[in-house]
Amino acid sequence: MTTDSERRLENLLGSLLTALSDCLTYEADSVVGHTGATAAALTYLVQEPGQGIEQMRRPLGLTQSATVRLVDRLAADGLVERRSGRNGRAIAVHLTANGELAARRILDRRHDVLRSSLVPLDPTERGAMTTMVEKILTSITTGPEHGERICRMCDLAACPTSTCPVNLAAEQRSDQADCQRSAAGPPSR
């Protein structure tokens with residue numbers, strides 16, 4: 001049974017997340033002049049250059065055809081270019097200089113929004129909040145693909161993969177799934 005104070009906390013958290021999401025989306029979209037997955041595609045590619053359509057679509061939450069259309073638009077805007085992939089058949093998507101500049105501006109604006117939201121907190125409160133947010137992120141991350149989606153607009157310099165709670169939880173859940181598959185034995189025919 002949820003108490004009134006728990007329900008209030010849940011509601012306040014929802015309002016905070018909605019407000020921050022709205023601000024982050026507005027700032028990101030204003031940099032690129034497009035809505036949707038455009039900003040996330042740019043920030044993902046600044047972290048993971050040279051990804052193919054299939055690798056891009058998962059963290060962006062798009063179908064393959066929607067990802068192709070997005071890359072077409074980004075290329076038409078001069079933000080990305082297609083190059084030959086590793087095997088020579090697939091394509092690899094790379095940011096152009098303008099694309100990298102846009103991605104950096106998106107990350108800078110993201111940082112500004114998040115920094116200003118934490119101004120009311122003193123150092124002790126910030127430390128406590130860091131611990132709580134890490135715990136929640138660890139709990140909600142379901143696996144590697146979900147982790148990529150959560151971190152698609154992250155600043156990897158601020159939270160390297162070796163200490164990222166999302167990355168660590170995703171790896172752990174992937175390892176657990178591998179162990180469960182191994183314990184189950186080979187698939188039956």
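Throughout, residue positions are numbered sequentially from 1 according to the sequence presented. If you're wondering where the values come from, they're calculated on a predicted model, not measured in any experiment.
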Q: Examine Val31 and Tyr26 and state if one hydrophobic cluster contains both, with Ile, Leu, Val, Met, Phe, Trp and Tyr joined whenever side-chain heavy atoms are less than 4.5 Å apart.
A: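 In one cluster with Val31: Tyr26, no.
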Q: Show the nearest heavy-atom pair for residues Cys164 and Cys151, with the distance to one decimal.
A: SG-SG, 4.0 Å
Q: Salt bridge check, Glu145 against Arg149: does any charged N sit closer than 4.0 Å to a carboxylate O?
A: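 Salt bridge between Arg149 and Glu145, a charged N being under 4.0 Å from a carboxylate O: no.
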Q: For a quick test of reading the model, state the closest non-hydrogen atom pair linking Leu70 to Ala41 and the distance between them.
A: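 Shortest heavy-atom contact: CD2-CB, 3.7 Å.
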Q: Just wondering, more than 12 heavy atoms not from Arg8 lying within 6.0 Å of its CZ?
A: no
Q: Step by step, work out the side-chain contact (heavy atoms from CB on, under 4.5 Å) result for Leu42 and Val46.
A: CA-CA 6 Å; Leu42 295 174; Val46 83; over 6 Å; no
Q: I want to check something: taking the side chain as every heavy atom from C-beta on, are Arg126 and Leu118 in contact at a cut-off of under 4.5 Å?
A: yes
Q: Would you say the side chain of Glu27 lies within less than 4.5 Å of the side chain of Arg110, judging by non-hydrogen atoms?
A: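 When only atoms from C-beta onward are counted, Glu27 and Arg110 do not touch, as no gap falls below 4.5 Å.
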Q: Under the side-chain contact (heavy atoms from CB on, under 4.5 Å) criterion, do Ile91 and Val93 qualify, and how do the steps go?
A: CA-CA 7 Å; Ile91 64 147; Val93 183; 4.0 Å; yes
Q: Answer yes or no: is there a side-chain heavy-atom contact under 4.5 Å between Met153 and Tyr44?
A: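 Side chain of Met153 against side chain of Tyr44, heavy atoms only: no contact under 4.5 Å found.
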Q: For Ser30 and Arg109: C-alpha separation, side-chain torsions, deciding distance, then whether side chain to side chain donor-acceptor pair (under 3.5 Å) applies.
A: CA-CA 10 Å; Ser30 69; Arg109 287 192 182 183; 2.6 Å; yes
Q: So which atom in Leu60 and which in Ala37 form the shortest heavy-atom distance, rounded to 0.1 Å?
A: CD2-O, 4.3 Å
Q: Ignoring hydrogens and geometry, is there a side-chain-to-backbone donor-acceptor pair from Thr138 to Glu134 under 3.5 Å?
A: yes
Q: Quick one: does any side-chain atom of Ser117 pair with a main-chain N or O of Leu114 as donor and acceptor, under 3.5 Å?
A: yes
Q: Can you measure from OG (Ser116) to NE2 (His111) and round to the nearest 0.5 angstrom?
A: 10.0 Å
Q: Using a cut-off of 6.0 Å, state whether more than 12 heavy atoms not belonging to Asp122 lie near its atom CG.
A: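 Yes, the 6.0 Å shell around CG holds more than 12 heavy atoms from other groups.
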Q: Minimum heavy-atom separation for Ala169 and Thr141, please, with both atom names.
A: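 Minimum heavy-atom separation between Ala169 and Thr141: CB-CB, 3.9 Å.
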Q: If two hydrophobic side chains count as joined below 4.5 Å and joins carry through other members, does Leu95 share a cluster with Leu62?
A: yes
Q: From Glu148 CD over to Gln55 CD, what is the distance, rounded to the nearest 0.5 angstrom?
A: 9.0 Å
Q: Has the side chain of His146 got a donor or acceptor atom that lies under 3.5 Å from a matching backbone atom of Thr142?
A: yes
Q: Is it the case that atom CD in Glu125 sees more than 12 heavy atoms from other parts of the structure closer than 6.0 Å?
A: yes
Q: What's the separation between atom CG in Asn167 and atom CG in Leu137, rounded to the nearest 0.5 Å?
A: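 Answer for the CG-CG pair, Asn167 versus Leu137, is 12.0 Å.
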Q: For the pair Gln47 (side chain) and Thr43 (backbone), establish whether a donor and an acceptor sit closer than 3.5 Å, ignoring hydrogens and angles.
A: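 Looks like yes, one N/O pair under 3.5 Å.
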Q: Looking at Asp22, is its backbone amide N or carbonyl O close enough to the side chain of Thr25 to form a donor-acceptor pair, meaning the two atoms are under 3.5 Å apart?
A: no
Q: Would you say that Ile106 contacts Val32 through its side chain, given a criterion of any heavy-atom pair below 4.5 Å between the two side chains?
A: yes
Q: Applying the 4.5 Å side-chain criterion to the ILVMFWY set and letting contacts propagate, would Leu121 and Val133 be lumped into a single cluster?
A: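 Leu121 and Val133: one cluster.
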Q: Can you tell if the side chain of His34 reaches within under 4.5 Å of the side chain of Asp29, non-hydrogen atoms only?
A: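 No, side chains not in contact.
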Q: With side chains defined as the heavy atoms from C-beta onward, is the minimum distance between Thr96 and Val80 less than 4.5 Å?
A: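 No, every pair of side-chain atoms sits at 4.5 Å or beyond.
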Q: With salt bridge (Lys or Arg N to Asp or Glu O under 4.0 Å) as the criterion, how do Glu100 and Arg104 come out once you've worked through the C-alpha distance, each side chain's angles and the decisive distance to 0.1 Å?
A: CA-CA 6 Å; Glu100 186 157 342; Arg104 298 286 175 207; 3.6 Å; yes
Q: Donor-acceptor pair, Glu6 side chain versus Thr3 backbone, under 3.5 Å?
A: yes
Q: When you check the gap from the basic side-chain N to the acidic O, do Glu81 and Arg83 get nearer than 4.0 Å?
A: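 Here Glu81 pairs with Arg83 in a salt bridge, since their nearest N and O are under 4.0 Å apart.
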Q: Is Arg69 salt-bridged to Asp72, going by a charged N under 4.0 Å from an acidic O?
A: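 Result for this pair is no, no salt bridge flagged.
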Q: Within the side chain of Thr67, is there an N or O that forms a donor-acceptor pair under 3.5 Å with the backbone of Ile53?
A: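 Checked: no pair found.
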Q: Could you grab the distance from atom OG of Ser5 to atom CG of Leu12, nearest 0.5 Å is fine?
A: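 With rounding to 0.5 Å, OG (Ser5) is 11.0 Å from CG (Leu12).
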Q: I'd like to know if the side chain of Asp77 reaches the main chain of Leu79, judged simply by a donor and an acceptor atom lying under 3.5 Å from each other, with no hydrogens or angles considered.
A: no
Q: Using modelled atom types and a 3.5 Å cut-off, is there a donor and acceptor pairing between side-chain atoms of Arg173 and backbone atoms of Gly143?
A: no
Q: Is there a side-chain contact between Cys154 and Cys159 in this structure, where contact means two heavy atoms from C-beta onward sitting under 4.5 Å apart?
A: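 No, side chains not in contact.
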Q: State plainly whether one hydrophobic cluster holds both Val68 and Leu45, where clusters connect Ile, Leu, Val, Met, Phe, Trp and Tyr through side-chain heavy atoms under 4.5 angstrom apart.
A: yes
Q: Count I, L, V, M, F, W, Y as connected when their side-chain heavy atoms are under 4.5 Å apart, and connections chain through other members. Are Leu24 and Leu16 then in the same cluster?
A: yes
Q: For atom CZ of Arg7, is the number of surrounding heavy atoms from other residues, nucleotides or ligands below 6.0 Å larger than 12?
A: no
